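Whatever order the structure lists ligands and atoms in, that order sets their numbers, starting from 1. Keep in mind the model is a prediction, meaning the values are calculated, not measured.
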Amino acid sequence: METPEFHPVAERDQVRPGVPLRIEVAGRRLLLIRTQEDSFHAVDEFCSHEEATLANGAVRDGCIACPMHGSRFDLTTGRPLEEPATEPLGVYPVRLEGDRILVCPEPIHD
Ligand code: FES
């Protein structure tokens, strides 16, 4: 089995807590999110409901809320916590090397 490839996407201080950063990794449009608790997550940029961008979504309690219809998604599993979204977001492995943040474009939960 091949080792998944991690791509450098940002420096730690480029990512403000609670403010999603748009990134593109191997052709996928993702959001890099630093929570207020200082954990890093990478998820699909677009909501699984109607493809709205989540880039302006509120980040709170380990979740991101879709600005369009309000579904919240768990940043660790990608699962929606309430309707109207019923499908999970793709979530992607994140690695920190010093101050460098790397993301693998292979989703953890598909
Ligand atoms: S587009 Fe995100 S909940 Fe509808």
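- For atom 4 (Fe) of ligand 1, the set of nearby N, O or S atoms under 2.8 Å includes none belonging to Cys47.
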Residue pair Asp38, Arg12: steps toward the salt bridge (Lys or Arg N to Asp or Glu O under 4.0 Å) verdict: CA-CA 10 Å; Asp38 210 28; Arg12 192 184 177 90; 2.8 Å; yes

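- Per residue His69, closest N, O or S atom to atom 4 (Fe) of ligand 1: atom name ND1.
- Side-chain N or O atoms of Glu5 include none that pairs as donor or acceptor with a backbone N or O of Pro105 at under 3.5 Å.
- At most 12 non-hydrogen atoms from other residues, nucleotides or ligands lie less than 6.0 angstrom from CZ of Arg72.
- Each of the atoms 1 (S), 2 (Fe), 3 (S) of ligand 1 lies under 4.0 Å from some heavy atom of Cys66.
- Remark: Glu37 CD is packed, more than 12 non-hydrogen atoms of other residues, nucleotides or ligands lying under 6.0 Å away.
- Near Met68, meaning under 4.0 Å from one of its heavy atoms, ligand 1 places the atoms 1 (S).
- Residue contacts with ligand 1, taken as heavy atom pairs separated by less than 4.0 Å, involve Glu50 via backbone and side-chain atoms alike.
- In terms of modelled atom types and a separation under 3.5 Å, the side chain of Thr53 and the main chain of Phe46 share no donor-acceptor contact.
- Residue Ala85 does not touch ligand 1, judged by heavy-atom distances below 4.0 Å.
- Taking atom 4 (Fe) of ligand 1 as reference, His49 places its N/O/S atom ND1 nearest.
- No donor-acceptor pair closer than 3.5 Å links the side chain of Asp74 to the backbone N or O of Arg79.
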